[in-house]
Amino acid sequence: MRPEKPTIVEDIRNKFQGSPFLIIADYQGMTVPHFAELRNRLAGSGAEIHVVKNSFIKIASKELGMPDLADALNGQNAVVTGESDICSAAKVLKVFAKEFTKPVLKAGVLDNSPLSADQITALAELPPKEILQAQLLGVLLAPATKLVRTLNEPGASLARVLKAKADNMEGAA
């Protein structure tokens, strides 16, 4: 092995370790300006794309105990990693592929679990993380809100009855 190869594999391993996800995409047929545009869009979502030799990906993923990605590692592949959630990076890839028909999603890893291209596409269709958190908060608060309304209802009903009775008495007088 050439002396620079272990250093390259170590850099790749560090990128994989620093990212909660990994997406492998076939970039064959993409032009340099399109690839630069994809790189800029991914940067906006907190992700990076790098062209990496398949053998280096295999070595780094094996050293980290990641799932076997050998089936996806053929052809010209690029690796997408990032610090944020996988959904935003998957959305960028999906939108970009819709516009330019490239790159083609092949496989991925999320929290050391393998993902298929269909699963990555499904993640791209999820709402943003902030919206999901707001929806979860709404679901968690709903029972408490209903409980408060239920506890307040007898007192509110009594107040409405007393007000109606007082209005009736004023109208009769």
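Positions are given from 1 along the sequence.
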Would you mind reporting whether [Y] and [X] have side-chain heavy atoms less than 4.5 Å apart?
| X | Y | answer |
| --- | --- | --- |
| K58 | L69 | no |
| F96 | E37 | yes |
| Q133 | L136 | no |
| L38 | L93 | yes |
| L105 | I24 | no |
| R13 | E10 | yes |
| P67 | N112 | yes |
| M66 | L22 | yes |

Spatial distance of atom [atom1] ([X]) from atom [atom2] ([Y]) [nearest 0.5 Å]:
| X | Y | atom1 | atom2 | result |
| --- | --- | --- | --- | --- |
| I49 | I23 | CD1 | CD1 | 9.0 Å |
| L126 | K91 | CG | NZ | 6.0 Å |
| H50 | K15 | NE2 | NZ | 4.0 Å |
| F21 | S88 | CZ | OG | 6.5 Å |
| K62 | I59 | NZ | CD1 | 9.0 Å |
| S55 | L73 | OG | CG | 9.5 Å |

Item to check | Derivation and outcome, salt bridge (charged side-chain N to carboxylate O under 4.0 Å, His left out), residues K94 and E99 | outcome: CA-CA 9 Å; K94 181 182 174 189; E99 289 177 29; over 6 Å; no
Do [X] and [Y] belong together in a cluster built from hydrophobic side chains that touch within less than 4.5 Å?
| X | Y | result |
| --- | --- | --- |
| L64 | I57 | yes |
| V80 | M30 | yes |
| Y27 | F56 | no |

Checklist entry - Counting N and O atoms only, with roles assigned by atom type, does the side chain of Q119 sit under 3.5 Å from a partner on the main chain of S116, one being a donor and the other an acceptor? => result yes
Next on the checklist: Using modelled atom types and a 3.5 Å cut-off, is there a donor and acceptor pairing between side-chain atoms of S19 and backbone atoms of F16?
Outcome noted: no
Checklist entry - In terms of side-chain heavy atoms, does N77 have a donor or acceptor partner in K53 at a distance below 3.5 Å? => result no
Checklist entry - For the residue pair L42 and A89, what are the closest heavy atoms and their distance? => result CD2-O, 3.9 Å
Checklist entry - Which atom names give the shortest non-hydrogen contact between G75 and N54, and what distance separates them? => result O-ND2, 3.0 Å
Next on the checklist: Set out, in order, the CA-CA distance, both residues' side-chain angles and the distance that settles side-chain contact (heavy atoms from CB on, under 4.5 Å) for L115 and I86, then state yes or no.
Outcome noted: CA-CA 11 Å; L115 295 173; I86 189 173; 3.7 Å; yes
Next on the checklist: Could you walk me through whether I12 and N14 satisfy the side-chain contact (heavy atoms from CB on, under 4.5 Å) test, starting with their C-alpha distance in whole Å, then the side-chain angles of each, then the deciding distance to 0.1 Å, before giving a yes or no?
Outcome noted: CA-CA 5 Å; I12 295 166; N14 289 339; over 6 Å; no
Checklist entry - Is E48 salt-bridged to R39, going by a charged N under 4.0 Å from an acidic O? => result no
Checklist entry - Picking from N74, D71, D26, what satisfies side-chain hydrogen bond (donor to acceptor under 3.5 Å, both in side chains) with K106? => result N74
Next on the checklist: If you count heavy atoms of other groups shown closer than 6.0 angstrom to CD of E83, is the number above 12?
Outcome noted: no
